[in-house]
Protein chains: 2
Amino acid sequence: MNAPSFSISHLKVACSNCNLRELCLPVGLSLADIEKLEELVATRKRVKRGESLFRAGDRFESLYAVRLGFLKSTVMSSDGREQVTGFHMAGELVGLDGISSETHSCDTVALEDTEVCVIPYERLEEVAAAVPMLRNHFHKVMSREIVREHGVMLLLGSMHAEERLAAFLLNLSQRFEARGYSRTEFVLRMTRAEIGSFLGLKLETVSRVLSRFAQDGLIEVNQKHVRIVNPDGLRAIVSGQAPACER
Amino acid sequence: MNAPSFSISHLKVACSNCNLRELCLPVGLSLADIEKLEELVATRKRVKRGESLFRAGDRFESLYAVRLGFLKSTVMSSDGREQVTGFHMAGELVGLDGISSETHSCDTVALEDTEVCVIPYERLEEVAAAVPMLRNHFHKVMSREIVREHGVMLLLGSMHAEERLAAFLLNLSQRFEARGYSRTEFVLRMTRAEIGSFLGLKLETVSRVLSRFAQDGLIEVNQKHVRIVNPDGLRAIVSGQAPACER
DNA sequence: CGCTATGTTGAATAAGATCAAAGGCGGTGG
DNA sequence: CCACCGCCTTTGATCTTATTCAACATAGCG
């Protein structure tokens with residue numbers, strides 16, 4: 001449905017022609033600098049649905065830029081509890097967790113057939129040293145990830161189930177829109193359990209809240225297909241202006 | 001109590017003499033490289049208890065390395081809910097959130113009188129480009145922050161109140177130990193409400209759980225003073241081996 | 001076409017929140 | 001130096017929300 005029309009016209013990696021260059025690492029780079037980046041990003045990798053791009057404990061060697069597809073990252077506690085820490089879509093950079101200890105600390109798994117550009121980290125460090133804009137942008141990407149996680153902490157630490165779900169749907173909506181897809185209609189690539197894990201809720205709660213949203217005319221849900229009918233209503237819920245007791 | 005004996009013998013910043021150099025940015029640098037870092041870190045700044053180092057919306061100009069003291073960072077949602085995103089102690093780098101948008105996205109406030117080294121970011125970028133070890137270490141610091149936040153997400157998303165508190169106490173213990181203080185006895189610089197905000201709990205719950213831990217002989221609490229009596233007991237709680245129903 | 005995954009819904013339960021009251025500590029100013 | 005005030009903390013009683021347990025529905029896959 002929302003998958004972009006698949007047409008890689010050349011096998012060689014070419015950031016300069018990539019339709020994600022405005023979202024991905026090349027942002028703000030000159031053509032000359034993009035060429036240096038292209039030398040770096042030599043290979044692509046396909047990950048089938050259900051397979052993992054890397055696992056916790058794997059040696060860290062590369063970052064990955066999502067070209068196509070959808071992934072989740074999860075961390076596992078010593079006693080086996082799993083927490084989804086994020087969902088990743090085209091143009092996003094994954095693997096940043098591995099830099100700190102040279103070992104990945106989370107699992108990253110494709111939720112649909114996915115293709116990533118492989119960015120060998122050692123070479124990225126070298127190129128970043130020589131290309132100020134790239135260095136700067138790379139730092140911004142890492143910082144943005146920190147800020148994003150602050151937002152998730154706010155959500156997990158101080159929001160109710162309905163607020164979390166509403167925020168989640170609006171966030172997806174906005175990210176789809178930024179990629180040229182519909183912001184009102186999209187397919188959830190993840191299961192209710194995965195949404196629940198990410199939001200700190202049980203899958204039954206996710207299902208119930210989605211049903212309630214649908215009943216209140218905020219969204220339409222049909223399995224994984226979601227249509228946002230009343231985005232302002234969702235926004236009102238996120239900002240606490242419509243607590244459950246008022247409806 | 002646990003404050004280090006205060007003796008700054010020279011006013012000039014000198015990473016090479018700083019007792020935090022094994023925790024802070026200079027980690028792994030040669031003496032020559034540390035000197036380059038010292039040129040960069042020209043000034044210090046004092047922040048009195050209750051004052052803020054920076055606020056959300058402030059223009060981002062510098063990172064700060066905590067030399068002495070204790071701070072918290074908080075994010076605020078549009079409707080005024082506040083979430084503590086972290087507590088910072090000596091040797092830790094704060095302000096990383098500002099890089100992404102050149103504007104700080106959280107407030108960082110001193111919980112006791114604090115002194116930080118000011119690291120002008122533009123100059124850090126230049127020096128990092130020229131000093132591979134520093135660049136590498138800086139990237140690791142950012143990545144470590146991302147990994148830390150994954151841990152907090154796991155805690156907020158999938159742990160019970162007792163598990164959260166136990167994990168929190170053990171984390172503080174370990175950080176104090178790394179700084180040469182006692183790992184079994186320390187002073188909480190933050191209020192119960194701040195602990196609660198960080199852990200996604202209400203202050204009453206924090207208080208109750210601490211009382212229960214004390215009753216079970218895991219810790220001794222006297223206001224802000226905490227003594228860890230049975231760290232293995234706390235670890236057992238964190239790893240879910242001692243759910244409330246079993247005690 | 002049947003099976004397993006995933007999703008929905010209901011009823012009972014439990015964990016933590018909320019409301020309320022009282023005690024203690026520290027800082028300030030007389 | 002002491003008394004007072006405000007903030008922080010503790011503890012109890014009650015209530016709400018989300019979880020748990022369970023049954024059933026549906027869909028996609030082999």
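Below, chains carry the letters A, B, ... as their sequence lines are ordered, and counting in each starts from 1.
Atom-to-atom, CG of B:Leu155 to P of C:dG16 comes out at 12 Å; the value is rounded to the nearest Å. When rounded to the nearest whole Å, the span between CG of B:Leu165 and C1' of D:dT10 equals 14 Å. Between the CG atom of B:Leu199 and the P atom of C:dA15 there is a distance of 18 Å, given to the nearest Å. Protein atom CZ of B:Phe213 is 16 Å distant from nucleotide atom C1' of D:dT10, rounded to whole Å. In this structure, A:Leu156 places its CG atom 13 Å from P of D:dA18, rounding to the nearest Å. As rounded to whole Å, 20 Å separates atom P of D:dT16 from atom CG of A:Leu201. Remark: C1' of D:dT17 and NZ of B:Lys202 are 13 Å apart, rounded to the nearest angstrom. Rounded to an integer number of Å, the gap from CD of A:Glu162 to C1' of D:dT16 is 13 Å.
B:Glu163 has a carboxylate O that lies under 4.0 Å from a charged side-chain N of A:Arg81, or vice versa, which qualifies the two as a salt bridge.
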Per-nucleotide protein contact string for nucleotides 4-14 of chain C, where B marks a base within reach and S marks sugar-phosphate only (heavy atoms under 4.0 Å, - for neither): --SSBBBB---
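Comparing the helix axis at one end of the helix from C:dT6-D:dA25 to C:dG30-D:dC1 with that at the other, each defined from 5 consecutive pairs, gives an inter-axis angle of 50° (nearest 10°).
The salt bridge (charged side-chain N to carboxylate O under 4.0 Å, His left out) check on B:Glu51 picks up nothing, with sequence neighbours excluded. Qualifying ring-ring contact (aromatic ring centres under 6.0 Å, His included) partners for A:Phe70, counting only residues two or more places apart in sequence or in other chains: none. Remark: B:Ser197 engages no residue in a side chain to side chain donor-acceptor pair (under 3.5 Å) (not counting sequence neighbours). Every side chain to side chain contact (heavy atoms under 4.5 Å, CB included) that A:Glu204 has, sequence neighbours left out, goes to A:Lys202, A:Arg208. Partners of B:Asp113 according to the side chain to side chain donor-acceptor pair (under 3.5 Å) rule, which considers only residues two or more places apart in sequence or in another chain, do not exist here. In this structure B:Glu177 satisfies the side chain to side chain contact (heavy atoms under 4.5 Å, CB included) test together with B:Arg183, sequence neighbours excluded.
Applying the salt bridge (Lys or Arg N to Asp or Glu O under 4.0 Å) definition to pairs two or more places apart or across chains, those involving residues 190-200 of chain B are B:Lys72-B:Glu194.
Nucleotide C:dA5 is shown with a syn base, its glycosidic torsion being within 90° of 0.
Judged by distance alone, with hydrogens and angles left aside, the side-chain atoms of B:Arg227 form no donor-acceptor pair with the main-chain N or O of B:Glu220 at under 3.5 Å.
At the heavy-atom level, B:Gly200 lies under 4.0 Å from the strands shown only through sugar-phosphate atoms.
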